[in-house]
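Read the structure below first, then the notes.
These values consider heavy atoms only, across backbone and side chains, with no hydrogens, waters or symmetry-generated copies. Starting from 1, each residue takes its place in the sequence as its number.
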Amino acid sequence: DPRPAPGRPLDVAEQILADYAATGASSLGHPMEHLRGEMRRKRVIRSDRLHREPANRRVRVGGVVICRQRPGTAKGFFFVTLEDEFGTVNVIVRPKRFERHHRLLRSAPVLMVEGKLQNEQGVLNVLGDRFESVAPQAGPVQVRSHDFH
């Protein structure tokens, strides 16, 4: 529960988390701002810098999960859209990898993903094969993703 004890004012990170829990956005900032130091230490590439990386390179990306999809027409592939404070990143997960990590992929509100960067006619995707749940120090992010099945 990210709510503070009664009587104590919310700090900025807690206010952002409360806004995201209630509305999915905040005028005070983005939850990833409070994880940026950790993301830098783990060599996570910001969404706005991903285009600078060469195709087929292994990369790490991270963000709030804003969309999860596993369409029936996708032959078991799973798709995740991550959002950081600079933009979004598309992640593709192969069926066997999804089966191994389905609990985490279906539930984690903030993910760090490692995988191969794909560039198909200027559209960037990360073919994810390693996944980690990440949570801000202010508490768990209760962001509702827009999931499609």
[Y] side chain reached by [X] side chain, heavy atoms, under 4.5 Å:
| X | Y | result |
| --- | --- | --- |
| V89 | T81 | no |
| L105 | V65 | no |
| V110 | M32 | yes |
| R94 | F77 | yes |

Using 0.5 Å steps for rounding, measure from the [atom1] atom of [X] to the [atom2] atom of [Y].
| X | Y | atom1 | atom2 | answer |
| --- | --- | --- | --- | --- |
| E114 | E132 | CD | CD | 10.0 Å |
| F131 | M112 | CZ | CE | 11.5 Å |
| R68 | S107 | CZ | OG | 6.5 Å |
| F86 | R36 | CZ | CZ | 5.5 Å |
| E85 | R46 | CD | CZ | 7.0 Å |

Check the hydrophobic clustering (I, L, V, M, F, W, Y; side-chain heavy atoms under 4.5 Å; chains of links allowed) and say if [X] and [Y] are grouped together.
| X | Y | result |
| --- | --- | --- |
| L104 | V61 | yes |
| L127 | F79 | yes |
| L35 | V44 | yes |

Single hit among R40, R41, K42 for side-chain hydrogen bond (donor to acceptor under 3.5 Å, both in side chains) with E38
K42
Going by side-chain hydrogen bond (donor to acceptor under 3.5 Å, both in side chains), D129 matches just one of R58, R97, K116, R100. Which one?
R58
Atom of [X], atom of [Y] and distance for their closest heavy-atom approach:
| X | Y | result |
| --- | --- | --- |
| Q69 | P71 | C-CD, 3.6 Å |
| A55 | N119 | CB-CB, 4.0 Å |
| V134 | L111 | CG2-C, 4.3 Å |

Please check: side-chain N/O of [X] versus main-chain N/O of [Y], any donor-acceptor pairing under 3.5 Å?
| X | Y | value |
| --- | --- | --- |
| D84 | S47 | yes |
| R43 | R60 | no |
| E33 | H30 | yes |
| H102 | E99 | yes |

Qualifying residue, where the test is side chain to side chain contact (heavy atoms under 4.5 Å, CB included) with L117 and the options are N56, L50, I45
L50
